[in-house]
Amino acid sequence: MPVPRAAERAAALRAQLDDANYRYHVLDDPQISDAEYDALLRELIDLETADPALRTPDSPTMRVGAAPTGAFAPYPHVKPMLSLGNAFDGDELRAFDERVRKLSGRTDVAYTCELKIDGLAISLRYDGAAFTGGGTRGDGSAGEDVTENLRTIRSIPLRLRGAGVRHIDVRGEVYFRRSDFDALNARREAAGLPLFANPRNTAAGALRQLDARMTAERRLSFFAYAVGEVDADAFPTTQFELLAFLREQGFVTNPHVARAATIDDVIAYVERWSVERDTLDYEIDGVVVKVDELALQEQLGSAGKDPRWAIAYKFRAREATTRLLQIGINVGRTGTLNPFAVLEPVQIGGVTVKLASLHNEDDIRRKDIREGDVVLVRRAGDVIPEVVGPVLSERRGDLPVFALPTHCPVCGSDVDHPEGEAMARCTNATCPAQRRERVRHFCSRGAMDIEGVGDVLAFALVDHGLVDDVSDLYHLDAAKLLTLPRMGEKTVASVLANIETSKTRGLARLLFGLGIRMVGSQNAAILAGDYGSIDALAAATVEDLIRSDGIGEQIAASVALFFQQPPNRAVVERLRAAGVDLTAPKRERAPVGPLAGKSLVLTGTLPSLTREEATALIVEAGGKVTSAVSKKTSYVVAGDEAGTKLTKAQELGVAILDEGGLRSLLAAGAAESSV
DNA sequence: CCGCCTCGAGTTCT
DNA sequence: CTCGAGGCGG
């Protein structure tokens, strides 16, 4: 028999803790601190530990999580949990509205609009006022019993607050707050554990933990939005009031609900949230639209599986899960082994994604990505596909940990992977893959800009033995080119003409095109400007080279090494013999113009200028175009569909221009200089 | 020696 | 666009 005094105290503590929880989660108006809450909880745990008879199923102490159970029992839904039909644009919403009005015979139907939380649908059962169990959606008629795990979620009340309810099934969404998810990942990173890919899958995994203590640590949240079977004295008549009723009972409902008098209001709501979705602390994947009147819902009923009184508007997906079929390896022009993902094709944001970069071996290991995994794929900056990570809950059996090959997949040479470096390299400079890539790079737009020689022709030239190194491009003739597949007289003539034109591109582009390690377009321009000719540069020592701005020991050593190697010297001589311009104008005096000394960053698409044209105008005005935004950036020129650079500029307080702003800046200087 | 700034290298899809 | 890493100023 429990000691009466202790029983009283336990009951008081329970009431106090429930109340604190309700104030914190539902009212968002905490009256006691987290520390005080913890102290009360501690006291209750101690009482219950001393006398287990004091323990009740709805005690807040149950939230810390019970010990592991074997497996999940089935959880039948007396009233099935519905799935909703989808709409992807305004027209489909209008069609839905028309059907509703036609079937109901009404001229006007009001709707409630609710954010569609990207989490897991669950059902909670209350008998009397006490929480007695809950389960996942499953196939709609039965899911899994995850009662112990649900108990750990603070925003799920363990007792109803209102009177008059004898039984109720409450439906809603379990989800992960972004802030809680980020905090969890930060802790995992500190502990050296692989990071979770996204909040939704992590929430799913947490809810299916066999050990509820693990679930408790994850800090899941819950929004209630519907009711299944119910037996109560009084019940609301609209969806909007139903949400208020759920709040009165102690549930958290999403604050961004709206009542829409017409379908136009619904569409306005959808458009607003498709833009503002990123401002929320949780992820949403659409909007749920329901006929507001519950009686009308009943009347409309369902067609097959889907109710006729509700529809889910889905935002365009930004990420998706798919199977990682294989990890392939590309060999880059510098010999780097670049792993890439071969994916089961999947639609993301309107395009089919089949491939994605995987960066390097360490990255794959850190994310614990394995061949055969189901992976989460996202389009970084809404463009370039990226594998975020594996969905661990989908992993079946033992998949092998990824390891880079020790020999080049193309030529079989040894692979060099220096300690502490991210990239592994094929050690064979004459590796066919490297040769192909070097020729392609030489002909590319930023380098010698040889029109007509893209990936396909560059590879064909190397593969057919017409070109071994870049100097061979200038010793081609029509007869040789005609031996290649898909090359006719006309194409050959144009390619030869374009190769001829490229001879005058100048030293900066040539140096970049040669593909010297650590010499990209910028360093190439600096060296060309400082030395004026390839002979002067080839004669420079490391000590000479490091005097150039931005050139340190490593880059200097790389340049010097390049010109020491006989094959490279031979390439230079053959280029000279062909009449390729190996000189550059020596660096002109300090830049002048309205943008002298300014550095600008371009992002997005400008209305009437290409990126190249804008860059040329800025350079002409004495300015510099760089790729990343920092405190030193003078202006960010933002066009349509600007990406993360615009956000960064706002964060750092860097001035932002549109195309007009850029033009007036250029014009201002032109006016001055003409005076 | 650390932290910031830049640059290099590789990348997807239509 | 991303990540890695070299250069350099504090």
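Here is how names work: the chains are called A, B, and so on, in the same order as the sequence lines, proteins then strands, and each is numbered from 1. Computed from a predicted structure; not experimentally measured.
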Undergrad: What nucleotide, of dG8(B), dT11(B), dC1(C), holds the atom closest to the side chain of Asn330(A)?
TA: dT11(B)

Undergrad: Reading DNA chain C from 5' onward, which residue's closest nucleotide shows up sooner: Lys632(A) or Asp363(A)?
TA: Asp363(A)

Undergrad: Without decimals, in angstroms, what is the distance between Met518(A) CE and dG6(C) C1'?
TA: 7 Å

Undergrad: Establish, from distance only, whether the side-chain atoms of Asn198(A) and Glu319(A) form a donor-acceptor pair under 3.5 Å.
TA: yes

Undergrad: Round to the nearest Å and state the distance from Asp362(A) atom CG to dA5(C) atom P.
TA: 9 Å

Undergrad: To the side chain of Phe340(A), which of dC5(B), dT12(B), dA9(B) is closest?
TA: dT12(B)

Undergrad: Measure from the side-chain heavy atoms of Lys624(A) and tell me the nearest of dT11(B), dC7(B), dC1(C).
TA: dC7(B)

Undergrad: When the distance from CD1 of Ile516(A) to P of dC7(B) is rounded to whole Å, what number comes out?
TA: 17 Å

Undergrad: Measuring from the side chain of Ser521(A) (C-beta onward, heavy atoms only), which nucleotide among dG8(B), dG10(B), dG7(C) has the closest atom?
TA: dG8(B)

Undergrad: Could you tell me whether the side chains of Asp581(A) and Thr504(A) share a donor-acceptor contact shorter than 3.5 Å?
TA: no

Undergrad: Could you report the tightest heavy-atom contact between Arg378(A) and Val388(A), atom names first, then the distance?
TA: CB-CG2, 3.7 Å

Undergrad: Relative to the 5' end of DNA chain C, which residue comes earlier, Ile546(A) or Gly420(A), by the nucleotide with the nearest heavy atom?
TA: Gly420(A)

Undergrad: Among dT11(B), dG10(B), dC13(B), which nucleotide has an atom closest to any side-chain atom of Ser357(A)?
TA: dT11(B)

Undergrad: What integer distance in Å separates Leu514(A):CG from dG8(B):C1'?
TA: 16 Å

Undergrad: What nucleotide among dA9(B), dT12(B), dT2(C) has an atom nearest to a side-chain atom of Thr336(A)?
TA: dA9(B)

Undergrad: Checking contacts here: which listed nucleotide (dG10(B), dC13(B), dA5(C)) is nearest the side-chain heavy atoms of Glu421(A)?
TA: dA5(C)

Undergrad: Could you check how far CG of Asn360(A) sits from C1' of dT2(C), rounded to whole Å?
TA: 11 Å

Undergrad: Look at the side chain of Ile555(A) and decide which nucleotide, out of dG8(B), dG6(C), dA9(B), has an atom nearest to it.
TA: dG6(C)

Undergrad: Closer to the 5' end of DNA chain B via nearest nucleotide, is it Ile526(A) or Val353(A)?
TA: Ile526(A)

Undergrad: Take atom CD of Glu361(A) and atom C1' of dG4(C), then tell me their distance rounded to the nearest Å.
TA: 16 Å

Undergrad: Using whole Å, what does the distance between atom P of nucleotide dG4(C) and atom NE2 of His359(A) come to?
TA: 8 Å

Undergrad: Return the nearest nucleotide to the side chain of Ala422(A); candidates are dG4(C), dT2(C), dT11(B).
TA: dG4(C)

Undergrad: Within less than 4.0 Å of OP1 or OP2 of dG10(B), is there a side-chain N or O belonging to Arg333(A)?
TA: yes

Undergrad: Of the nucleotides dA9(B), dT11(B), dA5(C), which one has an atom closest to the side chain of Asn338(A)?
TA: dT11(B)

Undergrad: By the definition side-chain contact (heavy atoms from CB on, under 4.5 Å), identify the one residue from Leu545(A), Asp530(A), Leu507(A), Asp544(A) that meets it with Leu537(A).
TA: Leu545(A)

Undergrad: Using a 4.0 Å heavy-atom cut-off, does Arg366(A) contact any base of the nucleic acid, only the sugar-phosphate backbone, or nothing at all?
TA: sugar-phosphate

Undergrad: In plain terms, say whether Lys314(A) and Asp285(A) are close enough for a salt bridge, that is, a side-chain N and a carboxylate O under 4.0 Å apart.
TA: no

Undergrad: Nearest whole angstrom, please: distance from the P of dT12(B) to the CD of Glu386(A).
TA: 13 Å

Undergrad: Compute whether any side-chain donor of one residue and acceptor of the other, for Asp535(A) and Ser533(A), lie under 3.5 angstrom apart.
TA: no

